[in-house]
A.B. asks: 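Pasting a structure here, questions to come.
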Number of protein chains: 2
Amino acid sequence: MRPEHIRVPALPPLPDPNHGDCRAVGSVLARVGDKWSVFVIMTLIDGPRRFNELKRTIGGISQRMLTLTLRGLERDGLVTRTVFPTIPPRVDYELTDLGRGLAAPVRSLGEWAFAHLPEIEGARTKFDGRNDG
Amino acid sequence: MRPEHIRVPALPPLPDPNHGDCRAVGSVLARVGDKWSVFVIMTLIDGPRRFNELKRTIGGISQRMLTLTLRGLERDGLVTRTVFPTIPPRVDYELTDLGRGLAAPVRSLGEWAFAHLPEIEGARTKFDGRNDG
DNA sequence: CTGTATCCGACGTGATACTG
DNA sequence: CAGTATCACGTCGGATACAG
């Protein structure tokens, strides 16, 4: 039997990624997948942090991106923003219950990624090397 | 006690998001977080699929982005690409063991997202409305 | 059928300067 | 300290045309 005769035998029913709900899930995944959200969430797990505390702890993030990331998380109800009208001003950011709930699966994903980093990086090197030589 | 006197009591040790490993984890999260990878992974859970099968099933993805997404997943060792040298050509994509392993935490995240969609969308509406009116 | 090549607009990200 | 405003740049993603 040649390759062209190998048929996938009538596909089983699919979870239909087109369904609106799956699209919406995508919007959540997009937030988690942006460059900084996960770092912020993980940093806030241990308790509330101030703006510059977050900036120093995360490191490498610009003021602008930290602001935008925090706004996004706040918009999604994952983080609260508390302003203390003092001089100098102080703003605390803290995970909501919703945010803490999200942190769990995110942590799972992170742990999986960490555990399988060697395999992934090995695969990348192998793949890239194949294209060069 | 006024707000400016409320002090976070000497921060507990942090998981240091600056550590190289955490950065590397970010690169995995970045893949999962891109626009299409999760859809492709979820579609491939039930078994191997051909290029246009994926395209039709996912829907809304361009030929270009499907190609790029699949190349990325292949590069990371999450998907295999099998070419059948027939006319017309046929290419099967299938999750590797590594890819199936990733699918589990991704599914957890997706289920969390699905379960909490109302809360998130509610928070978004509330946040956006506060800015308009 | 399964891609690659090209163009182009939209968006994400960073650097810098400025404000309350 | 905690932002906002602006600019500059690169990448992402879509549309279209072409190729094996």
Side-chain angles (χ1 to χ4, degrees), chain A residues 2-8 11 23 26-27 29-40 43-44 48-75 79-94 131, chain B residues 2-8 11 23 26-27 29-40 43-44 48-75 79-94 131:
Chain A
R2 282 167 300 158
E4 63 265 40
H5 294 141
I6 303 174
R7 291 271 298 127
V8 179
L11 307 171
R23 297 278 169 201
S27 77
L29 264 11
R31 166 145 317 291
V32 170
D34 74 11
K35 194 172 177 181
W36 299 109
S37 289
V38 165
F39 287 135
V40 172
T43 305
L44 287 177
R49 291 284 182 277
R50 301 178 58 168
F51 185 87
N52 273 359
E53 244 177 344
L54 283 170
K55 187 167 185 310
R56 276 192 307 274
T57 303
I58 293 175
I61 189 172
S62 65
Q63 204 168 30
R64 170 190 156 83
M65 287 319 297
L66 181 54
T67 300
L68 290 179
T69 301
L70 287 168
R71 286 291 178 285
L73 294 172
E74 189 192 355
R75 174 171 183 262
V79 159
T80 58
R81 178 173 181 270
T82 308
V83 180
F84 300 91
T86 60
I87 295 177
R90 168 182 175 162
V91 181
D92 273 12
Y93 292 92
E94 185 172 13
N131 295 3
Chain B
R2 281 168 299 156
E4 64 265 40
H5 293 141
I6 303 174
R7 291 272 299 124
V8 179
L11 307 171
R23 298 277 170 201
S27 76
L29 264 13
R31 166 144 319 290
V32 170
D34 75 8
K35 194 171 179 183
W36 297 110
S37 289
V38 165
F39 287 135
V40 172
T43 305
L44 287 177
R49 292 282 183 277
R50 301 179 57 169
F51 185 88
N52 271 1
E53 246 177 343
L54 283 170
K55 189 168 186 309
R56 277 193 307 273
T57 304
I58 292 175
I61 189 173
S62 64
Q63 203 169 32
R64 169 190 156 83
M65 288 318 298
L66 181 53
T67 299
L68 290 179
T69 301
L70 287 168
R71 286 292 179 284
L73 294 172
E74 189 193 356
R75 175 172 183 261
V79 159
T80 57
R81 178 172 181 270
T82 307
V83 180
F84 300 90
T86 59
I87 296 177
R90 167 184 176 160
V91 181
D92 274 12
Y93 293 92
E94 184 171 15
N131 297 2

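Order of the sequence lines sets the chain letters (A, B, ...), proteins ahead of strands, with each chain counted from 1.
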A.B. asks: Under the side chain to side chain donor-acceptor pair (under 3.5 Å) rule, collect the residues that match up with B:T82, sequence neighbours excluded.
C.D. replies: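 Not a single residue meets the side chain to side chain donor-acceptor pair (under 3.5 Å) criterion with B:T82.
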
A.B. asks: Name the one of A:R90, A:Q63, A:R56 that satisfies side chain to side chain contact (heavy atoms under 4.5 Å, CB included) with A:F51?
C.D. replies: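 The passing option is A:Q63.
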
A.B. asks: Does A:R64 contact C:dT13 through a side-chain donor or acceptor facing the base, at a distance under 3.5 Å?
C.D. replies: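 Present.
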
A.B. asks: How many Å lie between CD1 on B:I87 and C1' on C:dG3, as a whole number?
C.D. replies: 15 Å

A.B. asks: Grab the CG-C1' distance between A:D34 and D:dT11 for me, whole Å please.
C.D. replies: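 Value for this atom pair: 15 Å.
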
A.B. asks: Please determine if a side-chain N or O atom of A:R81 lies less than 4.0 Å away from the OP1 or OP2 oxygen of D:dG3.
C.D. replies: yes

A.B. asks: Rounded to whole angstroms, how far apart are CH2 on A:W36 and C1' on C:dG14?
C.D. replies: 10 Å

A.B. asks: Would you indicate, yes or no, if D:dA2 has its OP1 or OP2 atom less than 4.0 angstrom from a side-chain nitrogen or oxygen of A:R50?
C.D. replies: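 Indeed, a polar side-chain atom of A:R50 lies that close.
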
A.B. asks: Whole-Å distance between D:dT6 C1' and A:L68 CG?
C.D. replies: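 The distance from CG of A:L68 to C1' of D:dT6 comes to 13 Å, rounded to the nearest Å.
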
A.B. asks: Please give, in whole Å, the distance from C:dT13 C1' to A:L66 CG?
C.D. replies: 13 Å

A.B. asks: Whole Å only: how far is the CZ atom of A:R56 from the C1' atom of D:dC1?
C.D. replies: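 Between C1' of D:dC1 and CZ of A:R56: 10 Å.
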
A.B. asks: Which value, rounded to the nearest 0.5 Å, describes the distance between B:W36 atom CH2 and B:I61 atom CD1?
C.D. replies: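 With rounding to 0.5 Å, CH2 (B:W36) is 5.5 Å from CD1 (B:I61).
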
A.B. asks: Please determine if a side-chain N or O atom of A:R71 lies less than 4.0 Å away from the OP1 or OP2 oxygen of D:dT4.
C.D. replies: yes

A.B. asks: When you get a sec, tell me which of D:dG3, D:dC1, C:dG14 is the closest nucleotide to the side chain of A:Q63?
C.D. replies: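 Closest nucleotide among those given: D:dG3.
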
A.B. asks: Which is more 5' along DNA chain C, the nucleotide nearest A:M65 or the one nearest A:P89? Just name the residue.
C.D. replies: A:M65

A.B. asks: Measuring from the side chain of B:K35 (C-beta onward, heavy atoms only), which nucleotide among D:dG14, D:dG3, C:dT13 has the closest atom?
C.D. replies: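 That would be D:dG14.
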
A.B. asks: Can you spot which of B:L44, B:V40, B:T43 makes a side chain to side chain contact (heavy atoms under 4.5 Å, CB included) with B:T57?
C.D. replies: B:T43

A.B. asks: Looking at C:dG3, I'd like to know if its phosphate oxygens (OP1 or OP2) sit under 4.0 Å from a side-chain N or O belonging to B:Y93.
C.D. replies: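 Answer is yes, contact under 4.0 Å.
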
A.B. asks: Knowing that exactly one of A:E53, A:R81, A:E74, A:R49 qualifies, which makes a side chain to side chain donor-acceptor pair (under 3.5 Å) with A:Y93?
C.D. replies: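 Answer after filtering A:E53, A:R81, A:E74, A:R49: A:R81.
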
A.B. asks: Quick one: A:K55 NZ to D:dC1 C1', roughly how many Å, whole number?
C.D. replies: 12 Å

A.B. asks: Expressed as a whole number of angstroms, how long is the span from B:I61:CD1 to D:dG13:P?
C.D. replies: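 Taking CD1 of B:I61 and P of D:dG13, I get 9 Å after rounding.
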
